[in-house]
Amino acid sequence: MPTIPALADALPVVEDEIRRLATSSTLPIVNTFSGRITAAGGKRLRSMLILSGALALSGEIGPRAVTSAACVELLHAGSLVHDDLMDNAVERRGVRTVNAEWGAGPAVLVGDFMLARASQAALERISPFAAGKLAAAVADLVEGQVLEVLDLFDPHRTPENALRSIALKTGALFRVGCVLAAHVADADEETTVRMSEYGAHFGLLFQILDDLLDLASTTERLGKPAGNDIRQGVYTFPLLRAVTDEQRELLATRGRELTDAEVAGLLHELRGSSLVPDTLAYCTSLAAQTAHALPDLPESDALGVLRELPRAYLDWAASRIT
């Protein structure tokens with residue numbers, strides 16, 4: 001993908017804005033935990049999509065685009081605090097989780113602070129429309145998470161139900177980011193709808209590949225135990241498409257008590273099946289659909305980034321598979 005000076009210059013500004021919002025509490029202890037979570041970083045794919053989208057649509061990355069990226073990243077970080085609490089996780093990206101360090105109750109409050117601060121910043125610095133869209137995205141995220149909780153440890157969960165959950169849980173923030181990119185660029189309704197579709201498709205692609213890596217990569221590459229979704233009872237889209245009747249029976253009878261050896265054995269069997277090629281083939285088609293969803297725009301380096309990023313992310317994920 002091309003190197004775009006405007007994009008390279010804007011990403012550090014987004015980081016500064018994330019840090020400012022995350023540490024804007026009047027209570028130092030909230031700033032400590034919120035700031036530590038956001039400082040751990042991440043792929044910042046949502047920021048890339050928002051900034052590239054604004055640049056492709058308007059020819060510039062203005063302050064409202066930067067704030068949009070920071071708000072979406074802060075929403076994402078706040079949702080991760082809540083995810084870690086639900087999963088009883090003790091570490092994320094090499095950093096102790098809030099719930100492990102401070103307790104369950106405070107973790108809820110820190111996550112809530114981050115969600116609220118993002119919506120407040122959108123209202124004050126972007127527009128009421130942006131704040132409303134972010135609030136709706138949080139509602140979608142919660143509903144997607146609830147659907148996942150309802151299906152925990154259910155070996156008869158359907159692939160369609162898994163897709164519905166991630167379309168809400170993960171797709172929401174990618175989708176709203178692309179909508180905000182169109183909004184700050186003053187794009188028309190048709191362009192906004194196409195950008196929304198692009199973000200929704202990208203969110204599905206991102207999560208399916210993430211779920212595949214949990215099954216087919218290594219603990220060293222993941223930075224967390226491989227097979228963690230299985231241990232948590234989250235039976236994902238790639239797993240549900242590949243699992244055999246015998247493996248489904250194992251999950252039905254042993255799901256909550258699976259030993260590390262049993263998880264390792266299941267992963268070994270899955271890696272020897274059609275799991276990886278079938279999922280990568282599905283994602284190859286999805287990456288093409290994602291790029292095809294883009295609105296018709298004049299050619300530019302920024303549009304090239306949006307067009308090439310789905311396939312580039314797919315190739316990156318495939319390189320992490322054992």
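Given the structure is predicted, the values throughout are model-derived calculations rather than measurements.
Not a single donor-acceptor pair under 3.5 Å links the side chain of Arg320 to the backbone N or O of Leu213. Within the 3.5 Å criterion, the main-chain N or O of Ala116 finds no donor-acceptor partner in the side chain of Ser119. A distance-only check finds a donor-acceptor pair linking the side chain of His201 to the backbone of Glu197 [under 3.5 Å]. Remark: the backbone N or O of Thr191 is paired with a side-chain donor or acceptor of Asp188 at under 3.5 angstrom. For the pair Arg194 (side chain) and Ala293 (backbone), a donor-acceptor distance under 3.5 Å is present. In this structure a side-chain-to-backbone donor-acceptor pair under 3.5 Å is present from Arg248 to Pro155. Put simply, the side chain of Ser34 never gets that close to the backbone of Val30: no donor and acceptor are under 3.5 Å apart. Here the side chain of Glu73 pairs a donor or acceptor atom with the backbone of Ser47 at under 3.5 angstrom.
Contact annotation: the side chain of His82 never approaches that of Met114 to less than 4.5 Å [non-hydrogen atoms, C-beta and beyond]. For the pair Leu204 and Thr170, the minimum side-chain heavy-atom distance is 4.5 Å or more. Between Asp9 and Val13, the closest side-chain pair of non-hydrogen atoms is not below 4.5 Å. Contact of the Leu209 side chain with the Leu314 side chain is registered, since non-hydrogen atoms from C-beta on lie closer than 4.5 Å. Proximity of Leu45 to Leu309: side-chain heavy atoms (C-beta onward) are separated by under 4.5 Å at one or more points. The closest side-chain heavy-atom distance from Glu269 to Leu266 is below 4.5 Å. Contact check for Pro295 versus Glu190: no side-chain heavy atoms found under the 4.5 Å cut-off. You'll find the side chain of Leu215 reaches within 4.5 Å of the side chain of Ile230, heavy atoms only.
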Would you sort out whether Phe237 and Ser165 count as a side chain to side chain contact (heavy atoms under 4.5 Å, CB included), showing the intermediate values? CA-CA 10 Å; Phe237 180 74; Ser165 174; over 6 Å; no
Carefully, step by step, assess Lys43 and Trp316 under the rule side chain to side chain contact (heavy atoms under 4.5 Å, CB included). CA-CA 12 Å; Lys43 301 179 185 71; Trp316 174 88; 3.7 Å; yes
Would Asp214 and Thr236 count as a side chain to side chain contact (heavy atoms under 4.5 Å, CB included) here? Give the steps. CA-CA 10 Å; Asp214 183 73; Thr236 59; over 6 Å; no
Could you go step by step and tell me if Leu21 and Glu17 meet the side chain to side chain contact (heavy atoms under 4.5 Å, CB included) rule? CA-CA 6 Å; Leu21 292 174; Glu17 182 71 359; 4.2 Å; yes
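The distance from atom CG of Asp278 to atom CG of Leu212, rounded to the nearest 0.5 Å, is 10.5 Å. One distance of note links CG of Leu150 with CZ of Arg157; it measures 9.5 Å at 0.5 Å rounding. Annotation: the span from Asp315 atom CG to Cys283 atom SG amounts to 11.5 Å, rounded to 0.5 Å. Separating the OG1 atom in Thr290 from the NE2 atom in His292 is a distance of 11.0 Å, to the nearest 0.5 Å. Annotation: the span from Leu180 atom CG to Arg64 atom CZ amounts to 9.5 Å, rounded to 0.5 Å. Within the model, atoms CZ of Phe206 and CZ of Phe202 stand 8.0 Å from one another, a figure rounded to the nearest 0.5 Å.
Annotation for Lys169: atom NZ counts as buried by contact number, over 12 foreign heavy atoms lying within 6.0 Å. No more than 12 heavy atoms of other residues, nucleotides or ligands lie within 6.0 Å of CG in Asp296, so this atom counts as exposed by the packing criterion. The environment of Arg164 atom CZ is sparse: at most 12 non-hydrogen atoms of other residues, nucleotides or ligands sit within 6.0 angstrom.
Scanning all heavy atoms of the two residues, the minimum distance from Thr38 to Gly35 falls at OG1-O, 3.1 Å. Residue Ala56 comes nearest to Leu306 through the heavy atom pair CB-CD1, 4.2 Å, listed as atom of the first residue, atom of the second, then distance. The shortest heavy-atom contact between Ser52 and Ala302 is O-CB, 3.6 Å. Closest of all the heavy-atom pairs between Leu123 and Pro128 is CD1-CA, 3.8 Å. Heavy atoms only, all atoms of each residue included: Pro310 and Ala291 are closest at CG-N, 4.5 Å. Here the shortest heavy-atom pairing between Ala242 and Leu270 reads CB-CD2, 4.3 Å.
Residue Leu250 is grouped with residue Leu239 when hydrophobic side chains (ILVMFWY) are merged at heavy-atom distances under 4.5 angstrom, including chains of intermediate members. Under a hydrophobic-cluster definition in which Ile, Leu, Val, Met, Phe, Trp and Tyr are linked whenever side-chain heavy atoms come within less than 4.5 Å, directly or via other members, Ile126 and Val138 are assigned to different clusters. Taking hydrophobic clusters as Ile, Leu, Val, Met, Phe, Trp and Tyr residues chained together by side-chain heavy-atom distances below 4.5 Å, Ile208 shares a cluster with Ile321. Under a hydrophobic-cluster definition in which Ile, Leu, Val, Met, Phe, Trp and Tyr are linked whenever side-chain heavy atoms come within less than 4.5 Å, directly or via other members, Leu80 and Leu75 are assigned to different clusters. Under the 4.5 Å side-chain heavy-atom criterion for grouping Ile, Leu, Val, Met, Phe, Trp and Tyr, Leu173 is not connected to Met195 through any hydrophobic cluster.
Applying side-chain contact (heavy atoms from CB on, under 4.5 Å) to Tyr235 and the options Leu152, Leu251, Asn161 leaves one that passes, Leu251.
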